[in-house]
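Heads up: the structure comes next, in structure tokens.
From a predicted model like this one, the values you see are computed outputs, not experimental measurements. A, B, ... follow the sequence lines: proteins, then strands. Residue 1 opens every chain.
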Amino acid sequence: MQQFAEVIVDVPTQQTDQPYTYEIPPDLVGQIQPGMRVIVPFGTRRVLGFLVRVIEHKPDVSFEIKPIEEVLDLAPVLSDELLQLSDWLAKWTFSFKISCLQAMLPAAMRASYGKKIRLTTTEVSADVKLLFGEKQELPFDTKNLSARAFRTLSKLNRENKAEIVYEVRDRAQSKSITMITGLLTPAQITQEKAKTRINALRLQQLLDFLLDLGSARLSQKDAEVQTGLAASVFTQGQKKGWLKKSQVEEYRDPYSTAEISKTEPQKLKPAQTKAVAEIETEIKKQSEQVFLLQGVTGSGKTEVYLYAIACALAQKKTALMLVPEISLTPQMVHRVRGRFGSNVAVLHSGLSEGEKYDEWRRIERKEATVVVGARSAVFAPLDNIGVIIMDEEHETSYKQESMPEYHARDVAIKRGQWHHCPVVLGSATPSLESRARAQKGVYRWLRLDERINGQPLPAVKLVNMQDELKRAPAVDISGPLLEAIKERIARNEQVVLMLNRRGYSSFIMCRECGFVLKCPNCDISLTMHMDSHSMKCHYCGHEEPIPNICPSCHSKKIRYYGTGTEKVQQELEKLLPDVSILRMDVDTTKRKGAHSRLLQKFGAKEANILLGTQMIAKGLDFPDVTLVGVLNADTALSLPNFRSAERTFQLLTQVSGRAGRADKTGEVLIQTFNPEHYAIQLAKNQNYEQFFGMEMNMRHRGGYPPYFFTIQIVINGTNEAEVAKKIFEVNGQLTQILSQQAVVLGPTPKPIMRVNNRFYYQLVIKYKNEPKLDQFLKELLQNSQQDMRRNLQLTIDRDPVDFI
DNA sequence: CAACTCAGGTCA
DNA sequence: GACCTGAGTTGG
């Protein structure tokens, strides 16, 4: 029987964002299923596609239906659940279906495309022969070929002397190793030894080795090391029929399994016991209840998670645990692996493409039943999920900033509904959205108010920089902070200093004329990098040397301004010459594993001070840290962002939790220019509940989330006038369809208006209930295709993290 | 997105 | 006639 298939092709554009129909070749009928990846002809090209539906009858269409060319998977790589989820995701985030499907799989399972040109005749001119050499085929792409060669080859193609071959390759490659098995009995080996010339030393050695090996199997690599024999000797042995080589698939294990030491469940405090009991009941009831587990730092949230996971496993189910990338530290991974051993798969950005793929497959083959991972792990191919946990649920890194712009929390809850399992959102400082839902009873509210070790939270002191600045020993370090640091160092304790870097950078300014060095492509000032001795643009990557004289007035008084970790490090080194400082920021942690190496060093007390940006605020736990200093608490406060108070509060609360976790009491010093600001005052008192009340008030008055939903529309293009015209046009259409209750902010140019020579304009819709809005936005996006020709791009972001 | 088609140009 | 360029169209 003839079968057809609907395929979503790997061409992320508006007009190809629909299933295309292909014929299933007769020999594949019955085997091919939705969720498999296929290669299909698309125009003159061949592209990867996802099979989403099988249809039994030939659709009544006027165009030709082409057959599927190749099937890449033996079994579906996306389950029914994930296929449906991708549909929802595309609608919810206004993204292309293909982008959603790809987002669910490790990058290794995307296709890589290549073009080759193949000669079809031998009668070619001398220069063509030179180009091809001995080969029949050449890679054919504009990047690697000279203009001249490109021209000759194009001509060849036109004359039908060569054809262009389109290649689609699956990037996924499992790693395999060669195993050696002996084929001879000991008696046969003795015979062979006698037959082999005595001075054929290597072969004699190989036979001796095979005798030792017996019936065991060993990797060729290990065998080579043990015997000191070259690979060729083993190949000879294979030819003589002495041994068998076999390819065995090997998982790249990023954490060596040997190191896991089993850890036992801890005894729970009453509040924890209560939380665990409530979650367990819902797991057993298979309910879709969402919990908000609100617990101060050190109250043992992680232990509650581990109990919940254990419960799910006991029900013969699986568990998914999401953590922000930054707190996916070795400490954290150890803890989960220590409890559940090799059942745990870990997915995070530190893994190579291949490692991620291997972990993904372990999950898919049900070899791992517990998944711990960052944002994208929410799509882990787990079956039969018993509980989903999301730690630090307020973290903004759960929202993806590129297509599809999803929030992992929304996806987690959606998956919870499919699997009929509870979702646990945990945080010391919940997002206002979640906390408000807990208030209304949409989520069930669980609280852990006490710290496990019964220790009081560290004392938090504010340093008013307005007063201190005049007499401060350095621009960024006040007298009280310097004294406090000296005190700890004298006691051989450790200090963590955090520089809030958001919206802050060290730029160059001329003190004579006020000239600021800016990026030629983007609208922002260049940031100085001491390690590479250059000025870099953080948006487009433009790089140029640090100027000595002002390009504008030729004065020599051009200096850097602003605060960067490097500058603070230099200041500290001047003030405290004998103290060792570890710096942790984007520059020092760029390389793979650098992050955890730095932390290890600090843990081993190789340095007294750890100086870093936001990334040190989370997840680390060092017993000897008794002082935490925040150098600039309020840089984020001044940003035109309705979440800036929430962010500042969360960050300060979190970093405060880093001080004095063991037997030593900790102290926190916050340097601020706004000591009276409520976010800072309440962070000082670690009073989340009061902050929640105040901030909800502010949001209510301003008409911001969680009282209103928000959608951001951004238009960018190379011609500023056209961009502005388009956004005002959209604004006009919006006023037609929106009710009185909705508010549109803007249109305005984005604060950073020009990036890579493109202009950005935006508007934000705040609304409560707009039944026509989704349909309007969908059509807007579809019609935006016409504008592509005018080089205009339109993006829609639901629930944007901020409006800047 | 990439490739094709078509219209309108240039150049020897 | 051969080739280039840009705008517009199309993919099953």
d(NZ, A:K115; C1', B:dC4) in whole Å: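 So the two atoms are 12 Å apart, to the nearest Å.
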
Rounded distance (Å) that lies between atom C1' of B:dA2 and atom OH of A:Y166: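 Taking atom C1' of B:dA2 as the reference, OH of A:Y166 is at 8 Å.
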
If we count only N and O atoms by modelled type, under 3.5 Å, do the side chains of [X] and [Y] hold a donor and an acceptor together?
X: A:Q400; Y: A:H407; result: no
X: A:Q102; Y: A:D10; result: yes
X: A:S349; Y: A:E325; result: yes

Sugar-phosphate, base or nothing in reach of [X], heavy atoms under 4.0 Å:
X: A:Y22; value: sugar-phosphate
X: A:K58; value: nothing
X: A:T21; value: base

Salt-bridge present (A:K725, A:E722; N to O < 4.0 Å):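 A:E722 and A:K725: not salt-bridged.
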
Looking only at atom types and distance, does a side-chain atom of [X] sit under 3.5 Å from a main-chain N or O of [Y], one as donor and one as acceptor?
X: A:R409; Y: A:E393; result: yes
X: A:Y20; Y: A:G49; result: no
X: A:D73; Y: A:R37; result: yes

Identify the pairs formed between an N or O of the protein and an N or O of nucleotides 10-12 of chain B at a distance under 3.5 Å, and give each distance.
none

Sequence-distant partners of A:E6, salt bridge (charged side-chain N to carboxylate O under 4.0 Å, His left out), two or more places apart: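 Here the qualifying residues are A:R53.
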
Along DNA chain C, first and last positions that approach a heavy atom of chain A under 4.0 Å: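 On DNA chain C, the outermost contacted nucleotides are C:dC3 to C:dG12.
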
